[in-house]
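Each remark here refers to the structure printed beneath this line.
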There are 2 protein chains.
Amino acid sequence: MRYKQLSDKKENLTKHQEIVLELLEKANEPLKAYSILFNLSEHGVKAPLQVYRALDKLIELGKVHKIESKNSFVACINSNCKANSNTAFTICEQCDEVLEIHDKKIFKKLGDLANQGKSKLNKYNLELYITCKNCLK
Amino acid sequence: MRYKQLSDKKENLTKHQEIVLELLEKANEPLKAYSILFNLSEHGVKAPLQVYRALDKLIELGKVHKIESKNSFVACINSNCKANSNTAFTICEQCDEVLEIHDKKIFKKLGDLANQGKSKLNKYNLELYITCKNCLK
DNA sequence: CATTAAATGTTATAATATAACATATGTAAT
DNA sequence: ATTACATATGTTATATTATAACATTTAATG
Ligand SMILES: [Zn+2]
Ligand SMILES: [Zn+2]
Ligand SMILES: [Zn+2]
Ligand SMILES: [Zn+2]
């Protein structure tokens with residue numbers, strides 16, 4: 001197996017992958033690809049492709065998720081997401097806060113919705129637009 | 001109240017709205033906006049905006065849904081979707097078949113996932129990537 | 001018919017994402 | 001260390017998706 005260390009250890013992300021991930025972790029909110037690009041222009045990231053390639057890899061590693069309905073990206077805060085691309089988020093429509101849903105049974109729950117067991121669930125993408133508890137007050 | 005008939009009766013869609021909806025209903029699969037545009041160029045639809053405006057209205061009416069992760073649009077086959085923009089689909093990764101999920105309790109089920117009842121679910125977008133029962137064989 | 005909201009037409013442009021191809025770098029086998 | 005190979009980078013151009021801005025038209029209401 002090639003690139004064993006690069007694949008298995010998070011410390012061995014490439015430079016671009018690392019700074020994109022760091023930026024997303026600091027941001028604590030979804031960022032758009034071009035916003036990442038502008039933020040990192042001082043660090044040698046000069047073209048959209050450099051951002052998209054880093055994002056693709058980070059998504060593949062489960063370290064970043066894409067929020068499809070916002071064309072935005074967030075750092076994963078759930079160590080269980082390592083090897084897949086499932087995403088489940090709440091998004092407050094008032095304050096834009098985005099939180100990753102933690103629910104150990106979510107895969108089963110969503111699988112049940114799929115087709116009463118006749119089909120096989122591979123991956124899910126769930127976006128719940130809410131009014132968060134702070135904004136409800 | 002203005003435009004009462006236009007708002008309440010599906011027969012009173014505007015011309016563009018009607019032909020876009022008809023195309024989507026005939027297609028039986030998700031179509032992209034520009035594919036709709038090219039398909040309808042013979043019917044006087046000549047610019048992206050004309051498609052997007054019709055789609056926006058149809059989505060607002062619940063007659064069309066957007067599949068966010070595919071930037072595609074489908075006609076609603078569920079008469080219950082009238083007044084909102086909730087979407088729930090299965091998407092077969094092998095054959096690309098897209099089906100709208102019918103589940104009367106889905107709103108409650110997803111609401112439970114949101115935040116143990118501390119937040120208010122307004123709208124959901126669920127995309128389940130599956131291998132459908134035909135492709136499993 | 002005057003008022004108003006909604007819909008259309010049109011041109012331009014913004015925002016998001018990928019193609020294509022050349023070069024460089026890290027890993028493993030000989 | 002040389003070769004082979006996969007992955008990563010750099011760069012330019014282009015494709016795809018979506019909206020801004022503004023003028024004009026159409027349809028319902030009173
Ligand atoms: Zn995660
Ligand atoms: Zn909020
Ligand atoms: Zn529907
Ligand atoms: Zn299938």
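No hydrogens, no waters, no symmetry mates; every other heavy atom, side chains included, goes into these values. Within every chain, numbering begins at 1; the chains are lettered A, B, ... in the order of the sequence lines, protein sequences first and strands thereafter.
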- Which nucleotide in the list D/dT19, C/dA7, C/dA20 gets nearest to the side chain of B/Lys57? C/dA7
- Message: From CD1 of B/Ile67 over to C1' of D/dT17, roughly how many Å is that when rounded to an integer?
- Response: 16 Å
- Query: Would you say the side chain of A/Tyr34 and the base of C/dA17 hold a donor-acceptor pair, judged only by whether the two atoms sit under 3.5 Å apart?
  - Reply: yes
- Query: Does A/Lys70 offer a backbone N or O that forms a donor-acceptor pair with the side chain of A/Lys32 under 3.5 Å?
  - Reply: yes
- Message: Base, sugar-phosphate or nothing for B/Lys66? Non-hydrogen atoms, less than 4.0 Å.
- Response: sugar-phosphate
- Query: Under 4.0 Å between a side-chain N/O of B/Thr14 and OP1 or OP2 of C/dA6, yes or no?
  - Reply: no
- Residue A/Gln50, side-chain atoms from C-beta onward, closest of D/dT17, C/dA7, D/dG10: D/dG10
- Query: Would a distance-only check, ignoring hydrogens and angles, find a side-chain to backbone donor-acceptor pair under 3.5 Å from B/Glu127 to B/Ser69?
  - Reply: yes
- Query: Between A/Asn125 and A/Glu68, does a side-chain hydrogen bond (donor to acceptor under 3.5 Å, both in side chains) hold up when you go through it step by step?
  - Reply: CA-CA 8 Å; A/Asn125 169 36; A/Glu68 294 286 353; 5.2 Å; no
- Could you tell me whether the side chain of B/Glu100 and the main chain of B/Ile77 form a donor-acceptor pair under 3.5 Å? yes
- Message: By the 4.0 Å heavy-atom rule, please label A/Lys15 as base, sugar-phosphate, or nothing.
- Response: sugar-phosphate
- Message: Please report the distance, rounded to the nearest Å, between CD in A/Gln17 and C1' in D/dT7.
- Response: 10 Å
- Message: Whole angstroms only, please: what is the CD-C1' distance between A/Glu68 and C/dA15?
- Response: 16 Å
- Just how far, in rounded Å, is C1' of C/dT8 from CG of B/Leu13? 16 Å
- Choosing from C/dT16, C/dT18, D/dA18, which nucleotide comes nearest the side chain of A/Asn71? C/dT16
- Roughly how many Å is it from NE2 in A/His43 to P in D/dT9, rounded to a whole number? 15 Å
- Return the value, rounded to whole Å, for the distance between atom CG of B/Leu40 and atom P of C/dG9. 13 Å
- Task: Specify the separation, in whole Å, of atom CZ of A/Arg53 and atom P of C/dA19.
- Result: 11 Å
- Query: B/Leu49 side chain: which of D/dT12, C/dT11, C/dT8 is closest?
  - Reply: C/dT11
- Item | Minimum-distance nucleotide (side-chain atoms of B/Phe73 versus D/dA18, D/dG10, C/dT8) | D/dA18
- Would you mind reporting whether A/Asn86 and A/Tyr124 have side-chain heavy atoms less than 4.5 Å apart? yes
- Take atom CG of A/Leu58 and atom P of D/dT7, then tell me their distance rounded to the nearest Å. 16 Å
- Within the pair B/Lys46 and C/dT10, is there a side-chain N or O less than 4.0 Å away from OP1 or OP2? no
- Message: Using a 5.5 Å cut-off between ring centres and planes within 30 degrees, is B/Tyr52 stacked on the base of D/dT19?
- Response: no
